[in-house]
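To start, the structure under review is shown below, and the notes come after it.
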Amino acid sequence: STGIPGHTVIYPSYGYCGKKGVIQSAYAFGPAALKLGRLDLNEQVKQAIERSEKIHPGQFEKHYDNKAFSISWHNTKYSEAGWAAWGPARKKYVPILREPQGRVYFAGDQISNITGWQVGAIESAWTQIEKIHAAAMKS
């Protein structure tokens with residue numbers, strides 16, 4: 001075992017009882033993601049199967065078709081993280097970012113109440129679209 005904590009298995013939300021599917025079997029964040037990101041893909045697959053076999057003995061290795069991929073957001077150029085993690089500055093700066101800065105309206109999960117999720121980005125965009133619409137209706 002690689003000693004990487006925080007192993008999470010996520011099952012697909014559709015296609016149950018199908019012949020094939022995708023199971024996310026090594027979702028990690030924080031220090032665990034840093035350790036996982038240092039492993040090559042074969043090592044990541046090996047540890048994911050090893051840990052997942054404890055949940056469904058004999059099934060992960062048996063059905064693995066040698067197709068895998070991995071994304072280490074902290075190693076991805078121009079991303080270098082999975083999501084924004086605000087500290088105490090959030091209370092001061094997020095309200096400013098939620099208001100128009102001249103002709104610029106910021107949107108994204110990082111200024112929503114649901115950071116790290118697409119729904120946060122979408123809700124943030126809808127809010128800004130409503131503000132743009134209201135401003136256009138006034139002119």
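Computed from a predicted structure; not experimentally measured.
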Same cluster (ILVMFWY, side-chain, under 4.5 Å), Tyr64 and Phe69
no
Over 12 non-hydrogen atoms of neighbours within 6.0 angstrom of CD in Glu61
no
For the CD atom of Glu53 and the NZ atom of Lys62, what is their distance to the nearest 0.5 Å?
10.5 Å
Less than 4.5 Å apart, any side-chain heavy atom of Leu34 and any of His74?
yes
Charged N to carboxylate O under 4.0 angstrom, Lys131 versus Glu99?
yes
Within this structure, what is the NZ-CG distance for the pair Lys92 and Leu97, rounded to the nearest 0.5 Å?
12.0 Å
Note: Ala33 and Ala28 closest approach over all heavy atoms is CB-O, 3.5 Å
Take atom CD of Gln118 as the centre, draw a 6.0 Å sphere, and report whether it contains more than 12 heavy atoms from other residues, nucleotides or ligands.
no
Between Val45 and Ala68 the two heavy atoms that sit nearest each other are CG2-CB, 3.5 Å
So Trp73 and Phe29, do their side chains get closer than 4.5 Å, heavy atoms only?
no
Taking atom CZ of Arg90 and atom CG of Asn113, what is their separation to the nearest 0.5 Å?
5.5 Å
Which distance, rounded to the nearest 0.5 Å, do you find between the CD1 of Ile111 and the CH2 of Trp86?
8.5 Å
Under 3.5 Å donor-acceptor, Gln101 side chain and Ile96 backbone
yes
Taking all atoms of both residues into account, what is the closest heavy-atom pair of Leu39 and Gln47, and its distance?
CD1-CG, 4.4 Å
Return the minimal non-hydrogen interatomic distance between Val9 and Ser52, and the atom names on each side.
CG2-OG, 3.7 Å
Closest heavy-atom contact between Ser139 and Ala136?
OG-O, 3.0 Å
Test your reading of the model: is there a side-chain donor-acceptor pair from Gln128 to the backbone of Ala125, 3.5 Å cut-off?
no
So, taking the atom named CD in Gln110 and the one named OG in Ser124, what distance separates them when rounded to the nearest 0.5 Å?
7.0 Å
Ignoring hydrogens and angles, state whether a donor on the side chain of Ser70 or Gln44 is under 3.5 Å from an acceptor on the partner side chain.
yes
Spacing of CH2 belonging to Trp117 relative to OG1 belonging to Thr115, to within rounding of 0.5 Å
10.5 Å
